[in-house]
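Some notes on the structure that comes next.
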Amino acid sequence: MKFDYRESYGATRAPLIIGLPDNFRQMDNFEEVDTLLNGMTEKIVEQKVLSPEAGKITTTGMMIQTEYRKVIALGLGKADSLDQPAVQELFGKLFQYLQDTDTGQGQLLLDTIPYDKTLLAEAIGLMSVVSIYEFESYRADRAGSFSDRAELLITGVVDVKGAVERGEALGRGIAMARSFSETPPNIMTPEHMAEKVAEIFRDRKYVSGRVKDEGTLAGEGYGLITAVGKASKAAPRLVTIEYKHPSAESRKPVALVGKGITYDTGGYSIKSKTGMPEMKYDMSGAANVVGMMHAISALELPVHVVGVIALAENMIDGNGMRPDDVYTSYSGTTVEVKNTDAEGRLVLADAVFHASQYSPGLIMDFATLTGAVVAALGTERTGIFTNKKPGFLEPFFEIAKTTGEEVWQLPITEIEEKNVKSSAIADLTNHVEQPGRASFAACFIKQFTNGTPWIHFDIAGTGTVSKRTPYGPKGATGVMIHSIVKYLETGDMHE
């Protein structure tokens with residue numbers, strides 16, 4: 001979307017977009033707006049021509065000065081109750097309304113919304129990308145995207161261009177993650193994804209990286225990711241992206257680790273015919289880490305971050321990983337495989353231990369890991385786990401409240417520790433036939449953190465949505481990218 005800016009109102013042919021609070025006199029520029037509306041604001045609201053109902057988009061047409069103009073009102077409800085998630089959803093609905101009605105232009109009077117203008121502008125930039133995101137599909141009749149031709153003139157006394165651009169950069173990170181996740185698995189193989197990531201970051205400021213291929217992984221002892229990927233002709237990869245801003249030269253890095261199973265048949269513990277479709281999304285944790293690294297580097301945040309993505313395809317052939325096999329991890333810990341469909345924790349084990357070699361102050365991993373977390377929390381909350389004491393996650397919870405991403409902490413206790421170590425022939429087992437499997441899977445990964453503070457995000461329920469929301473279309477969501485980038489911006493990483 002193209003943005004332009006003006007300090008004061010000037011007539012255009014574009015629809016006029018205003019915020020409309022319950023108490024419309026709370027607008028910073030009420031007198032100006034009332035004049036534009038021919039002194040009829042109160043009557044328009046009383047007759048419900050335009051509605052101040054929170055989250056509602058209403059429209060009308062009227063003469064403004066000498067031209068007939070469309071007026072679009074964003075219902076703000078009680079303006080004193082506005083928060084960032086509400087503002088984001090409101091602009092998501094606005095941009096989707098413009099898209100659905102093919103309204104390619106608009107003039108937004110920013111001062112009609114009694115809310116922090118910098119935060120408003122960040123929400124505008126973010127939602128202008130994510131709410132009307134369109135995957136570049138493989139349809140022969142695909143037309144150009146709405147966002148490529150849409151224009152919004154932002155009018156207000158505060159200079160918000162920089163804030164809009166920050167929101168856009170974050171939105172592009174989310175859109176990038178979605179596009180990786182949406183790509184068909186015959187194209188988005190481990191090798192292809194590794195090449196695409198290398199291409200994206202090759203000339204990025206303050207970024208260096210490395211890709212380990214299947215020969216290197218096997219030779220260096222990454223036994224778990226190698227085991228998961230060895231049945232596929234599309235061999236595994238381990239990608240490391242390091243972003244090190246000069247201002248963070250002396251700081252320990254934060255490691256972001258993503259599960260990247262580019263397709264998951266379940267292996268010999270094969271999925272059902274209804275369980276296999278949409279398994280292209282099993283690499284969404286890795287895709288989201290790529291999106292995080294994109295946003296961090298585009299914003300040039302003064303941080304040191306190491307992104308690690310573990311890429312493999314979980315297939316079946318005569319060389320495939322079997323239940324009852326034992327493999328040695330990169331850490332040297334042996335693992336008995338009891339379920340080949342519990343493969344995500346295996347690739348994460350090697351990747352998390354790999355990340356620990358950078359001596360980070362914190363490791364965070366992201367994975368579409370367990371159906372159990374969906375059973376426990378539904379599809380609107382991300383399950384979050386840690387190896388630290390209560391209170392450790394409070395700073396992150398506060399950030400998540402501002403981004404609107406719902407998170408809920410689940411436990412890891414001595415129960416899971418005992419079950420993870422219950423193999424009779426190896427150090428660990430990757431599966432037990434007992435309830436509490438989200439906590440079990442998290443506890444398994446915990447064994448490979450090498451004593452580093454660690455947070456695990458199980459995004460099995462939130463990595464995709466089944467229908468359109470104000471944050472975008474059905475499909476991949478890029479969940480946690482917003483919260484993690486904001487978390488890194490605070491500088492409070494528990495060093």
Side-chain angles (χ1 to χ4, degrees), residues 1-5 17 57 74 84-106 108 110 117-137 142-154 160-183 196 200-201 204 284 287-301 402-405 462-465 468-486 488-489:
M1 181 172 288
K2 181 182 176 183
F3 292 97
D4 203 356
Y5 304 88
I17 304 169
I57 308 289
L74 314 180
Q84 198 66 5
V87 168
Q88 288 169 182
E89 289 202 13
L90 185 62
F91 280 109
K93 291 176 181 178
L94 169 66
F95 292 128
Q96 288 175 352
Y97 168 81
L98 297 178
Q99 180 183 43
D100 293 346
T101 58
D102 199 27
T103 304
Q105 293 183 315
L108 173 65
L110 200 65
K117 298 305 182 283
T118 299
L119 295 177
L120 269 180
E122 286 191 9
I124 291 168
L126 170 69
M127 301 310 290
S128 73
V129 179
V130 302
S131 66
I132 54 176
Y133 164 81
E134 297 173 71
F135 176 63
E136 293 186 4
S137 72
R142 186 183 186 279
S145 69
F146 172 77
S147 61
D148 287 343
R149 63 180 185 274
E151 300 177 2
L152 184 66
L153 173 60
I154 299 176
V160 296
K161 182 179 179 182
V164 171
E165 290 174 348
R166 286 196 302 274
E168 285 184 289
L170 177 58
R172 290 190 187 106
I174 294 170
M176 177 180 287
R178 289 176 175 176
S179 293
F180 271 108
S181 294
E182 293 293 341
T183 302
K196 290 292 289 183
I200 289 166
F201 291 98
R204 193 67 64 89
S284 292
N288 294 3
V289 167
V290 174
M292 292 169 195
M293 297 302 296
H294 170 77
I296 290 162
S297 57
L299 291 166
E300 295 190 13
L301 297 185
T402 69
T403 64
E405 294 187 308
T462 53
T464 57
V465 288
R468 188 195 209 188
T469 76
Y471 288 90
K474 173 184 175 180
T477 61
V479 69
M480 289 295 115
I481 294 175
H482 191 176
S483 296
I484 295 302
V485 173
K486 286 295 180 183
L488 291 167
E489 276 188 309

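In this text, all values refer to a predicted model and were calculated from it rather than measured experimentally.
The distance from atom CZ of Phe95 to atom CG of Leu152, rounded to the nearest 0.5 Å, is 5.5 Å. Atom CG in Leu108 sits 7.5 Å away from atom CG in Leu94 (nearest 0.5 Å). Between the CD1 atom of Ile124 and the CG atom of Leu90 there is a distance of 10.0 Å, given to the nearest 0.5 Å. From Asp4, atom CG reaches atom CD of Gln105 across 11.0 Å, with rounding to the nearest 0.5 Å. Atoms CD and NE2, on Glu122 and His482 in that order, are 7.0 Å from each other to the nearest 0.5 Å. How far CD1 of Ile200 is from CZ of Phe180: 4.0 Å, rounded to the nearest 0.5 Å.
Contact detail for Ile481 and Ala177: the closest heavy-atom pair is CD1-CB, 3.6 Å. Of all heavy-atom pairs between Ala175 and Val129, the closest is CB-CG1, 4.0 Å. Smallest separation of non-hydrogen atoms from Phe201 and Val290: CZ-O, 3.8 Å. In terms of heavy atoms, Met292 sits closest to Val485 at O-CG2, 4.3 Å. Closest heavy-atom contact between Gly472 and Arg178: CA-NH1, 4.1 Å. Of all non-hydrogen atoms in Thr403 and Ser483, the two that sit nearest each other are OG1-OG, 2.7 Å.
Applying the side-chain hydrogen bond (donor to acceptor under 3.5 Å, both in side chains) test to every pair with at least one member in residues 469-481, sequence neighbours left out, gives these pairs: Gln88-Tyr471. The side-chain hydrogen bond (donor to acceptor under 3.5 Å, both in side chains) pairs that include a residue from residues 287-296 are Arg204-His294, where partners are two or more places apart or lie in different chains.
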Arg166 vs Thr118, side-chain contact (heavy atoms from CB on, under 4.5 Å): CA-CA, chis, key distance, verdict: CA-CA 10 Å; Arg166 286 196 302 274; Thr118 299; 3.5 Å; yes

For the pair Asp100 and Lys93, evaluate salt bridge (charged side-chain N to carboxylate O under 4.0 Å, His left out) and give the outcome as yes or no after the intermediate values. CA-CA 10 Å; Asp100 293 346; Lys93 291 176 181 178; over 6 Å; no

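Side-chain atoms of Val160 and Leu120, non-hydrogen and from C-beta on, never get closer than 4.5 Å to each other. When side chains are defined from C-beta on, Ile17 does not count as touching Tyr97, because their heavy atoms never get closer than 4.5 Å. A heavy-atom distance below 4.5 Å is found between the side chains of Leu126 and Ile174. With contacts defined as side-chain heavy-atom distances shorter than 4.5 Å, the pair Lys161/Phe3 does not qualify. A 4.5 Å side-chain heavy-atom check between Ile57 and Leu74 finds at least one atom pair inside the cut-off.
Glu405 and Lys486 are not joined by a salt bridge, as no carboxylate oxygen comes within less than 4.0 angstrom of a charged side-chain nitrogen.
Not a single side chain to side chain donor-acceptor pair (under 3.5 Å) links Thr183 to another residue, sequence neighbours left out.
A side-chain donor-acceptor contact under 3.5 Å links Gln96 to the backbone of Ser131. Listed for the Glu168 side chain is no donor-acceptor partner under 3.5 Å among the backbone atoms of Ser128.
Judged purely by distance below 3.5 Å, without hydrogens or angles, the side chains of Ser179 and Tyr133 pair a donor atom with an acceptor atom.
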